[in-house]
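Okay, so here's the structure we're looking at.
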Amino acid sequence: MPVADYKTYCRMLDRARANRFAYPAINVTSLTTANAVLKGLAESRSDGIIQVSTGGGAFASGSSVKDMALGAISIAEHVHRVADSYSIYVALHTDHCQADKLDKFVLPLVAETERRRASGLPNLFNSHMFDGSALPLKENLDIAVTLLERFENSELILEIETGVVGGEEDGIKAEASAKLYTTTEDTLEVARRLNLIKGARYLLAATFGNVHGVYKPGHVRLNPSILKECQDAVVKAYGEKARFDLVFHGGSGSSYEEIRESISYGVVKMNIDTDTQYAFTRPIAGHMFTHYDGVLKIEGEMGEKKAYDPRTYLAMAETAMAERVKRAVTELRGEGTTMYKGQEGR
Ligand SMILES: [Zn+2]
């Protein structure tokens with residue numbers, strides 16, 4: 001059953017933190033992109049995380065339906081079915097969901113998992129992000145506490161965010177005045193509120209200058225040492241058990257050094273979207289340019305069926321995206337670390 005169950009997912013996260021590696025969490029919006037992630041992870045012999053955003057879910061449900069939860073369910077069910085064919089574990093996660101979208105995205109997905117559990121089926125998703133970073137911290141954590149109490153009953157993991165990720169993703173743009181660097185005070189408050197919920201587990205996206213998207217060098221100033229300050233403070237206040245499982249948002253375009261440094265401070269999950277989007281599209285662009293007289297019907301000609309069959313270029317896109325996933329695994333030190341069938345590499 002290579003979609004990880006709760007225990008397996010927890011062990012994945014624990015091993016990553018103990019052995020200083022991290023899982024790529026790749027956004028997907030279709031069967032082909034989900035297959036690309038599975039291919040890349042399997043070829044790297046690494047477990048990993050497939051995630052769906054609100055926009056990705058809406059897209060996957062079809063342009064006349066545009067139901068973000070329904071599309072996310074479709075992708076997750078596809079992954080549950082095909083993951084059995086790969087020798088790795090994959091966890092399913094949903095990305096940024098702002099407070100005003102909870103009713104349309106995360107809550108119906110949690111209800112779906114609750115229904116599945118009631119009839120003896122495994123959870124649909126392993127974890128969901130609630131992004132309350134645009135709210136005052138108290139409101140952010142009030143909602144997070146309510147969610148985490150419900151999640152705990154169904155072995156779901158919650159991801160929350162303090163500080164704001166800059167840039168733009170899924171049409172959501174950070175305010176220019178946004179707080180791009182989280183503070184130790186904020187993260188101490190996270191631990192104080194969320195650690196009261198016994199048996200629950202959460203991931204924390206503590207921002208350190210991260211942005212969504214890729215920008216020319218010099219535009220992004222990451223300061224991973226903020227993560228170390230947050231960890232030191234929380235361990236001092238609440239003990240080693242309170243050390244955070246951290247998430248690195250906006251991993252696309254980051255340098256090897258920045259990635260390694262953040263892993264050393266407890267990052268166990270790094271989100272990648274923009275770089276894998278580009279990797280997917282690049283061979284399609286190449287195909288269209290080199291076979292323009294095959295994909296187009298020019299001057300009364302008929303084009304070439306083989307050239308315009310979408311499978312021709314989508315298969316190239318799948319392979320190229322899988323290669324980018326493999327590169328992410330290498331940068332995150334995850335090669336050969338799968339726990340599937342005791343193939344533990346370390
Ligand atoms: Zn993000």
Side-chain angles (χ1 to χ4, degrees), residues 13 22-29 33 37 48-59 68 72 75 91-102 105-106 109 125-135 140 143-144 147 157-176 178-182 186-187 190 202-215 219-224 226-227 230 244-254 258-259 262-263 266-278 324-325 328 331-332:
L13 300 171
Y23 295 104
I26 315 282
N27 286 69
V28 307
T29 57
T33 45
V37 178
I49 301 167
I50 284 181
Q51 60 188 19
V52 183
S53 68
T54 54
F59 173 81
M68 49 181 77
I75 290 177
L92 286 161
H93 174 81
T94 59
D95 203 5
H96 294 268
C97 181
Q98 289 78 17
D100 62 344
K101 290 187 186 139
L102 285 171
F105 193 53
V106 165
L109 296 175
F125 282 90
N126 299 83
S127 49
H128 299 282
M129 180 184 191
F130 158 59
D131 177 1
S133 62
L135 303 171
N140 180 352
I143 298 173
L147 288 170
I157 292 177
L158 175 70
E159 179 179 329
I160 64 156
E161 178 170 318
T162 58
V164 174
V165 181
E168 183 176 350
E169 188 174 63
D170 254 20
I172 307 287
K173 211 171 169 181
E175 301 274 336
K179 208 168 100 183
L180 299 181
Y181 301 89
T182 201
D186 285 357
T187 55
V190 167
Y202 63 91
L203 303 166
L204 174 63
T207 60
F208 51 101
N210 328 52
V211 292
H212 289 132
V214 171
Y215 300 87
H219 283 251
V220 177
R221 263 207 340 272
L222 283 181
N223 185 3
I226 286 176
L227 302 178
C230 291
F244 295 115
D245 290 318
L246 296 171
V247 183
F248 184 156
H249 278 250
S252 292
S254 301
E258 290 163 339
I259 294 171
S262 25
I263 289 175
V267 163
V268 292
K269 168 177 181 277
M270 185 171 92
N271 293 2
I272 304 166
D273 189 8
T274 309
D275 281 351
T276 38
Q277 286 177 334
Y278 182 77
R324 185 60 187 82
V325 170
E331 288 176 347
L332 294 167

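All ligand and atom numbering here is 1-based and tracks the order in the structure.
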* Taking side chain as C-beta onward, heavy atoms only, is His93 less than 4.5 Å from Ile157? -> no
* Any side-chain donor paired with an acceptor under 3.5 Å for Glu159 and His249? -> yes
* Structure fact -> Any protein N, O or S atom under 2.8 Å from the Zn ion (ligand 1)? Found His96 NE2, His212 NE2, His249 ND1
* **Pairwise distance OG(Ser252) to CE(Met270) - rounded to 0.5 angstrom** => 7.0 Å
* To do: Indicate whether the side chain of Asn27 and that of Asn271 have a donor and an acceptor atom separated by less than 3.5 Å.
  => no
* Asked: Taking only residues two or more places apart in sequence or in another chain, which ones pass side-chain contact (heavy atoms from CB on, under 4.5 Å) with Ala206?
  -> Thr162, Thr182, Thr187, Leu204, Leu227, Leu246
* Check: His212 and Thr274 side chains under 4.5 Å, non-hydrogen atoms -> no
